[in-house]
Structures are given as C-alpha cells and as structure tokens.
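What follows is a set of notes on a single structure, which appears directly below.
Source: prediction; values computed, not measured.
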Amino acid sequence: PFVTLTFAQSLDGKIALKGQQLLLSGKESMAMTHRLRLLHDGILVGIGTALIDDPQLNARYVSPTDHLCNNQPQPIVLDPRLEFPLSAKLLRNFNNGTGKQPWLICWTKNDQRKLALEKAGALVITIEAPDYNVNGYQTCQRPSISSVLRHIKAAGIDRLMVEGGSKIIQSFLQSGHIDQLIVTTAPTLVGPRGVSAT
C-alpha cells in the first residue's frame with residue numbers, strides 16, 4: 001500500500017514519555033491528523049501505543065458535513081505476542097457498533113489468547129516469521145515490514161497511515177517503505193525523560 005508515516009514531536013525530537021502518554025498536538029494539528037485519517041484505508045500502530053494510549057484510531061475531529069466521514073479507516077495493531085487488552089476502546093467501539101473490527105497482526109502461536117481476542121471481537125492475523133539458525137541456535141525473527149505490508153495490501157488496504165510508537169516509526173523508516181512523511185513539531189521541550197522518534 002501507499003504508506004504515510006506521521007507523528008508529532010517536541011522541539012527536542014521527543015514523541016512520548018517512557019511508558020506514559022504525552023500530548024503534543026494542538027487542536028489545529030489534531031484536526032489535520034483526523035482529516036488525514038479519512039484519506040487512508042487503514043491506521044497502524046504498535047502494541048506499545050495501544051497499551052499506553054488506548055487509541056480509537058478513527059476520525060472524530062472532522063466536520064459532520066465532510067463527505068468522507070462515513071469512510072472510517074481500518075484500525076490495525078502490530079501485536080507480536082497478542083498482548084492487546086480485552087478492555088480496549090477499539091473492541092468496545094466495534095461491539096457497540098461505533099467502530100470497525102480491529103485487526104491484530106501477530107507472529108506467535110498462542111491459540112488460547114487468540115480465541116479470547118476473537119471472541120471479544122478482534123480479527124487476529126498471524127504472519128509466519130522466518131526461522132534462522134544462528135551458531136546452532138534456532139531463533140525466530142519478526143517478519144519484515146515488507147511481509148506485513150503484503151498481508152495488509154492483500155486484505156484490501158491500499159493507503160496506510162502509520163502513527164507509531166517509536167519502534168514502529170523506526171522500523172518503517174529503516175524499511176524504506178514510506179511514501180509520505182508528515183511530522184508535526186510542537187513548540188515545547190520534553191527533556192531527557194522523553195522517547196525519541198528516531
């Protein structure tokens with residue numbers, strides 16, 4: 001898919017506080033981001049962002065007369081070990097009819113957890129990770145961003161918006177699979193407690 005990577009950062013390049021939510025967007029940039037969400041088929045975040053922010057991954061701060069309002073993006077979470085909480089807003093929104101079914105992309109086998117998440121309303125997509133033999137030890141690596149994007153494209157997502165967190169941002173930047181980069185800089189300093197985007 002066409003990939004847009006977008007994030008907000010402070011003047012000193014921080015996007016979050018370690019293990020905490022950090023609000024850097026003002027109302028104007030929030031409106032821009034939500035309008036941008038409507039221009040994409042899906043929004044992807046990592047499990048860290050899902051656990052810390054409990055995001056809704058939809059477009060709320062847009063005009064009700066916007067002709068794209070009925071075309072909400074597909075929420076997608078990269079969740080390698082299926083840690084997604086059963087109490088997440090994404091599941092609540094889907095179950096009460098106000099949001100799309102969240103897709104959880106994993107690459108571990110945990111059938112019990114998969115069944116629990118599917119029963120709660122998630123669609124779990126398992127991607128096989130390649131096995132490598134390193135110095136006699138069998139290791140399981142994560143699938144490449146290319147592999148993840150191929151699965152997302154095959155599922156019908158032509159335009160993907162990637163919103164973070166830091167590991168996802170770094171993975172996509174290193175992958176070379178970004179078509180558009182949008183960075184909003186807030187006029188504030190976070191300091192050494194902050195997590196950098198890169």
Closest heavy-atom pair, Gln72 versus Ala59, reported as atoms and distance to 0.1 Å, is OE1-N, 2.7 Å
Shared hydrophobic cluster for Trp107 and Ile125 (ILVMFWY, side-chain gaps under 4.5 Å)
yes
For Ile76, which of Asp41, Ile152, Ile43 qualifies under side chain to side chain contact (heavy atoms under 4.5 Å, CB included)?
Ile152
Identify every side-chain donor-acceptor pair in residues 182-195 under 3.5 Å, counting partners at least two apart or on other chains, and give the distances.
none

Which atom pair, heavy atoms only, marks the closest approach of Leu160 to Leu44?
CD1-CB, 4.0 Å
Side chains of Thr98 and Asn96: donor-acceptor distance under 3.5 Å anywhere?
yes
Nearest heavy-atom contact between Leu91 and Ala122 is CD2-N, 3.5 Å
Pairing of Glu163 and Arg37 as salt bridge, 4.0 angstrom limit:
yes
Check for a donor-acceptor pair, side chain of Ser147 on one end and backbone N or O of Pro143 on the other, with a separation under 3.5 Å.
no
Closer than 4.0 angstrom, basic N to acidic O: yes or no for Lys109 and Glu128?
yes
Where the side chain of Thr49 meets the backbone of Gly165, is there a donor-acceptor pair that is under 3.5 Å apart?
yes
Got a donor-acceptor contact below 3.5 angstrom from the Lys100 side chain to the Pro73 backbone?
no
Are the side chain of Arg92 and the backbone of Ser87 linked by a donor-acceptor contact shorter than 3.5 Å?
yes
All heavy atoms of Lys14 vs all of Leu24, minimum pair found to be O-CD1, 3.4 Å
